[in-house]
Amino acid sequence: MPALGYRCFWAYPRLEQLIRKSEEEKPVLENNFLRVVVDQVTGELASIFDKVNQREVLSAPGNQLQAFRDEGQYWDAWNIDPNYEEKPLPPAEVLEVYCRRGSLRQNNLLTDSVIVKRKIGQSVFTQAYVLDRDSPILKVQTFVRDWQERHTLVKVAFPLNLEADYATYEIPCGVIERSTKPESEAEKAQWEVPAMHWANLNDGNYGMSLLNDCKYGYDAKPNQLRLTLLRGTEFPDPEADKGHHSFTYAIYPHAGDWKAAQTVQKGYELNMPLQAIVIPASASSDSKTLPPTGSLLNLGADNLVLMAFKQSEDAPDEWILRCYECHGEEAQLNLQSDLNLKLGDQVDLLERSIHSDTSHGQTATVHPWKIASFKVSVNAEQQSS
């Protein structure tokens, strides 16, 4: 898809009757990137085989739902019991594992999935393992029906077939690293790490990113990543987290480190998926046309992330473009747009022009990890020509 843009597709009804697969098939999902096997007894991931890099991702069953007793903390909602791992609760009870298939025809867009239902306490976790046709990412769509557990911490664990000294976590406009082999008292106190869209383990040659769309607590060992899914605190709100929950996390195996794998982009794609807009054909729309593709804003560098595009506070015919560099490497902003936009002065957060020797025409240099803002306007010269 074009950057911050669209692409048009024609949709039409199929004349052939869809042939659906049997519900009794083994719970296996496969595309050109991954082959995923679900254990029919436990509902856990028995295997994630990376077909591109020819290696098994897991060292033990993955997507383990682990529950622990979590209580006795002064600030209940903010603090996790540092000794929670010594207080495991009974394993999740498996209620059902079955396949939900699309069509046998390769050119059909229906997505295959495996559904797993498990129970922790009185709460039922329904999870759909989803592997899209052309995606290297396995999504786990999760629905929790009527969560009522109190002082219970639920994590999901992925033991990995690699070993890393450090885990990397996304934070706002950057990343942090934490040791997976804590030695000092300060390192040992960092058993839970807050993060944004993803956490990553890699050994320099191969890695796995664990993406999420709303769950921001992780922990890591040299060969394991875990994500915190739910808690049941009672202070300051005795009803905290009770009720229904819906969220998605995803497993992204890849060669190289998180930069080479474009994990930042994959995290944004999970959190802000493409939107399909159906434009029905009608007589009144015959005169309204769009080019088949369009790109509204293209920053021209894989390591630049758009943060904001807003109207200027002072000039109604100008806009403010704000971006940040996400790899810790210098980036070259090269603004391209089908809206005929022109890059102007660099500005501060109060939208005041600042002196900069890094801007030249439609390009500007953005230093590592830097947040940069620029004025943008319509290029009147090109518009008139």
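The basis for the numbers below is simple: all heavy atoms, side chains too, and nothing from hydrogens, waters or symmetry mates. The chain is numbered in sequence order, starting from 1.
- Using a cutoff of 4.0 Å between basic side-chain nitrogens and carboxylate oxygens, Arg231 and Asp70 are scored as salt-bridged.
- Note on residues 49-64: pairs passing salt bridge (charged side-chain N to carboxylate O under 4.0 Å, His left out), not counting sequence neighbours, are Glu30-Lys51.
- The cationic group of Lys119 does not satisfy the cation-pi geometry with Phe125, failing either the under 6.0 Å distance to the six-membered ring centre or the 45° limit from the ring axis.
- Take Ala261 and apply the side-chain contact (heavy atoms from CB on, under 4.5 Å) test, not counting sequence neighbours, and it matches Tyr252, His254, Thr263.
- With Arg118 contributing its side chain and Pro91 its backbone, the two residues share no donor-acceptor pair below 3.5 Å.
- Linking Ile, Leu, Val, Met, Phe, Trp and Tyr residues whenever their side-chain heavy atoms come within less than 4.5 Å leaves Val156 and Val130 in two separate clusters.
- Tyr249 and Asn63 share a side-chain donor-acceptor pair at under 3.5 Å.
- For the residue pair Thr248 and Gln141, no side-chain donor N or O sits within less than 3.5 Å of a side-chain acceptor on the partner.
- Grouping Ile, Leu, Val, Met, Phe, Trp and Tyr residues whose side-chain heavy atoms lie under 4.5 Å apart, directly or via other members, places Val347 in a hydrophobic cluster with Ile320.
- When the side-chain contact (heavy atoms from CB on, under 4.5 Å) test is applied to Met272, the partners found at least two apart in sequence or on another chain are Tyr268.
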### Query
Can you list the steps and then say if Ile80 with Trp191 is a side-chain contact (heavy atoms from CB on, under 4.5 Å)?
CA-CA 9 Å; Ile80 293 176; Trp191 66 84; 4.0 Å; yes
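- Residue pairs meeting the salt bridge (charged side-chain N to carboxylate O under 4.0 Å, His left out) criterion with at least one partner in residues 72-91, sequence neighbours excluded, are Asp81-Lys87, Glu85-Lys221, Glu85-Arg226.
- Between the side chains of Gln332 and Thr365, at least one donor N or O lies within less than 3.5 Å of an accepting N or O.
- Panel note: side chain Asp338, backbone Ser295; a donor-acceptor pair is recorded below 3.5 Å.
- No continuous path of hydrophobic side-chain contacts links Ile120 to Leu153 [ILVMFWY only; heavy atoms under 4.5 Å].
- Using a 4.5 Å cut-off between side-chain heavy atoms of Ile, Leu, Val, Met, Phe, Trp and Tyr, Trp10 forms no hydrophobic cluster with any other residue.
- Both Val114 and Leu65 belong to a common hydrophobic cluster when Ile, Leu, Val, Met, Phe, Trp and Tyr are linked at side-chain heavy-atom distances under 4.5 angstrom.
- Ring to ring, His327 and Trp258 are close: their centroids are under 6.0 angstrom apart.
- Annotation for Arg69: atom CZ counts as buried by contact number, over 12 foreign heavy atoms lying within 6.0 Å.
- A donor-acceptor contact shorter than 3.5 Å is absent between the side chain of Asp132 and the backbone of Ser135.
- Residues forming a side-chain contact (heavy atoms from CB on, under 4.5 Å) with Leu274 (at least two apart in sequence, or on another chain): Met1.
- Sorted by first and then second residue, the salt bridge (charged side-chain N to carboxylate O under 4.0 Å, His left out) pairs involving residues 189-201 (not counting sequence neighbours) are Lys155-Glu192.
- Under a 4.5 Å side-chain heavy-atom criterion applied to ILVMFWY residues, the cluster that includes Met196 comprises that residue alone.
- There is no path of hydrophobic side-chain contacts, each under 4.5 Å, that joins Leu211 to Leu201.
- A search for side-chain contact (heavy atoms from CB on, under 4.5 Å) contacts involving Ala195 returns Tyr169, Tyr218, not counting sequence neighbours.
- Each salt bridge (charged side-chain N to carboxylate O under 4.0 Å, His left out) pair with one or both residues in residues 160-169, not counting sequence neighbours, appears once here: Glu163-Lys181, Asp165-Lys181.
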Name each donor-acceptor pair under 3.5 Å that joins a side chain in residues 296-309 to protein atoms two or more places apart or in another chain, with its distance.
from, atom 1, to, atom 2, distance (Å)
Asn298, OD1, Gly300, N, 2.9
Asn303, ND2, Glu325, OE2, 2.9
Asn303, ND2, Glu329, O, 3.4

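- Using a 4.5 Å cut-off between side-chain heavy atoms of Ile, Leu, Val, Met, Phe, Trp and Tyr, with links allowed through other members, Val38 and Leu138 fall into the same hydrophobic cluster.
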